[in-house]
Amino acid sequence: MARQPRLDLPGIAQHIVQRGNNRLPCFLDDTDRHTYLHLLAEALHHTGCRLHGWVLMDNHVHLLLTPPLAGAAGALMQRLGRNYVPLFNARHGRSGTLWEGRYKASLVADDHYLLQCLRYIELNPVRAAIIDDPSRYPWSSCQTHLGLRPANRLAHHPVWLASGSTPAERAQWWQQFLHEAISDDELAAIRTTLQQQRALGTTAFQAMVQAKTHRFAGTRPAHRPPKQKGQAT
């Protein structure tokens, strides 16, 4: 059975996750992480995608980015995999695939849904019980949003920039937003749209996506076992 193409529209943000094969690590040390980020910066430059948020976990990666053209996000992920996997295999004396099948991606509306998604990404290490303060985790975009690290590869999204008139105001607001409780409905919406590769946003946003892609953009009821304690997604 042919695989359905992902929802993909230029100028619309995408929440992307890619997992290690069989949930095994895709980063074994900080050298791996630095290598991945270097190659990510190259892929962003090559494809023109704008990166708004990210987190590197031991066995998976979350990215929030906006492609300039349809297909640009796919080209970025293909370039990343083609360049990173051989280096990882050579360093660690292994062969074969590293990633678990195709990456997952959902479209994200350019409003409070994008901010919720960005918060979800940067709180991943907290949900995994790796750390209790996201600002202390060095392998995410959180420190940049809090003004603790230069932007480098990050391109702040206009919705995030609208949260304050100065960098200090935006950092303070983001600090407060990170410490607000994420509702169960919000978590479920982000996870379900990502798993089903749909559109995260209002029904009007989903209708717009559906009209432009001629594909169903909403979600269907999800039936999944409860998440095990200590496991982030």
Side-chain angles (χ1 to χ4, degrees), residues 3-9 12-20 22-23 52-66 73 77 99-134 137 140-142 145 157 159-160 163 173-213 215-233:
R3 294 182 297 190
Q4 289 289 329
R6 299 181 185 88
L7 295 176
D8 186 6
L9 289 172
I12 302 295
Q14 295 189 22
H15 176 197
I16 292 173
V17 64
Q18 190 164 39
R19 302 187 184 281
N22 293 324
R23 302 292 177 113
H52 312 304
W54 57 276
V55 66
L56 306 187
M57 305 296 287
D58 286 346
N59 65 358
H60 66 284
V61 175
H62 285 267
L63 305 174
L64 181 64
L65 57 82
T66 298
M77 297 304 292
W99 304 112
E100 184 179 74
R102 305 174 79 207
Y103 70 87
K104 298 279 189 180
S106 65
L107 298 186
V108 183
D110 291 349
D111 51 22
H112 68 279
Y113 284 97
L114 185 135
L115 298 176
Q116 291 175 353
C117 186
L118 180 58
R119 176 174 62 175
Y120 172 87
I121 289 171
E122 295 187 350
L123 287 178
N124 214 273
V126 177
R127 289 194 301 277
I130 295 174
I131 205 164
D132 59 1
D133 181 354
Y137 190 73
S140 84
S141 52
C142 184
H145 284 126
H157 194 279
V159 173
W160 185 85
S163 64
W173 179 85
W174 191 245
Q175 180 78 38
Q176 295 171 346
F177 189 62
L178 285 172
H179 284 85
E180 291 179 8
I182 301 179
S183 70
D184 291 341
D185 287 345
E186 179 184 332
L187 284 172
I190 293 171
R191 289 169 173 166
T192 303
T193 53
L194 184 58
Q195 181 63 32
Q196 298 184 17
Q197 304 197 86
R198 305 300 188 185
L200 178 66
T202 63
T203 54
F205 175 72
Q206 293 173 342
M208 179 276 292
V209 171
Q210 190 163 320
K212 289 189 174 182
T213 63
R215 290 186 54 219
F216 179 67
T219 57
R220 306 187 189 281
H223 302 284
R224 57 183 297 180
K227 182 172 67 72
Q228 295 180 359
K229 186 178 181 179
Q231 178 186 357
T233 57

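Just so you know, residue 1 is the first one in the sequence shown, and it goes up from there.
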Query raised in the report: Hey, mind stepping through Cys142 and Leu178 against side chain to side chain contact (heavy atoms under 4.5 Å, CB included) and telling me if it holds?
Result: CA-CA 9 Å; Cys142 184; Leu178 285 172; 3.6 Å; yes
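- Aromatic ring pairs are classed by plane angle as parallel below 30°, tilted from 30° to 60° and perpendicular above 60°; the pair Phe177 and Trp174 is tilted.
- From Gln116, atom CD reaches atom CG of Asp111 across 8.5 Å, with rounding to the nearest 0.5 Å.
- Taking 4.5 Å as the limit, some side-chain heavy atom of Asp8 sits within range of a side-chain heavy atom of Gln14.
- A pairwise comparison of heavy atoms in Ile12 and Val108 identifies CG2-O, 3.8 Å as the closest pair.
- Ser141 contributes atom OG, which lies 5.5 Å from atom CG of Leu118 (distance to the nearest 0.5 angstrom).
- In this structure the side chain of Glu122 never reaches within 4.5 angstrom of the side chain of Tyr137, judged on heavy atoms.
- Distance alone, capped at 3.5 Å, is enough to place a donor-acceptor pair between the Arg6 side chain and the Tyr103 backbone.
- Every residue was checked against the salt bridge (Lys or Arg N to Asp or Glu O under 4.0 Å) condition with Asp110, not counting sequence neighbours, and none meets it.
- Evaluation of the ring pair (Phe, Tyr, Trp, His ring centres under 6.0 Å) rule for Phe216 yields no partner, not counting sequence neighbours.
- Note: Leu114 CG to Arg119 CZ = 12.5 Å, rounded to the nearest 0.5 Å.
- Remark: side-chain polar atoms of Thr192 are not paired, donor with acceptor, to backbone N or O of Ala189 under 3.5 angstrom.
- Side-chain atoms of Arg102 and Lys104, non-hydrogen and from C-beta on, never get closer than 4.5 Å to each other.
- Residues His52 and Thr66 have side chains that bring a donor and an acceptor to within less than 3.5 angstrom of each other.
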Report task. Please assess Val209 against Leu9 for the test side chain to side chain contact (heavy atoms under 4.5 Å, CB included), listing each intermediate value before the final yes or no. Result -> CA-CA 8 Å; Val209 171; Leu9 289 172; 4.2 Å; yes
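- Asn124 has its side chain within reach of His60: a pair of non-hydrogen atoms, C-beta onward, lies under 4.5 Å apart.
- A heavy-atom distance below 4.5 Å is not found between the side chains of Ser106 and Leu7.
- Distance check: Leu65 CG to Trp54 CH2 gives 13.5 Å after rounding to the nearest 0.5 Å.
- Atom NE2 in His145 sits 5.0 Å away from atom CH2 in Trp160 (nearest 0.5 Å).
- Taking both residues in full, the closest heavy atoms of Ala199 and Thr193 are given as O-CG2, 3.7 Å, listed atom of the first, atom of the second, then distance.
- The shortest side-chain heavy-atom distance between Tyr113 and Thr202 falls under the 4.5 Å cut-off.
- Considering all non-hydrogen atoms of both residues, Thr219 and Gln196 come closest at CA-OE1, 3.3 Å.
- A donor-acceptor distance shorter than 3.5 angstrom exists from the side chain of Asn59 to the backbone of Arg23, with no hydrogens or angles considered.
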Query - Stepwise side chain to side chain contact (heavy atoms under 4.5 Å, CB included) check, His15 with Ile121 - result: CA-CA 9 Å; His15 176 197; Ile121 289 171; 3.8 Å; yes
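- Between Leu64 and Cys117, some side-chain heavy-atom pair lies under the 4.5 Å cut-off.
- A heavy-atom distance below 4.5 Å is found between the side chains of Arg198 and Arg215.
- Contacts of Asp132 classified as salt bridge (Lys or Arg N to Asp or Glu O under 4.0 Å), with partners at least two apart in sequence or in another chain: Arg136.
- The CG atom of Leu194 lies 10.5 Å from the CZ atom of Arg191; values are rounded to the nearest 0.5 Å.
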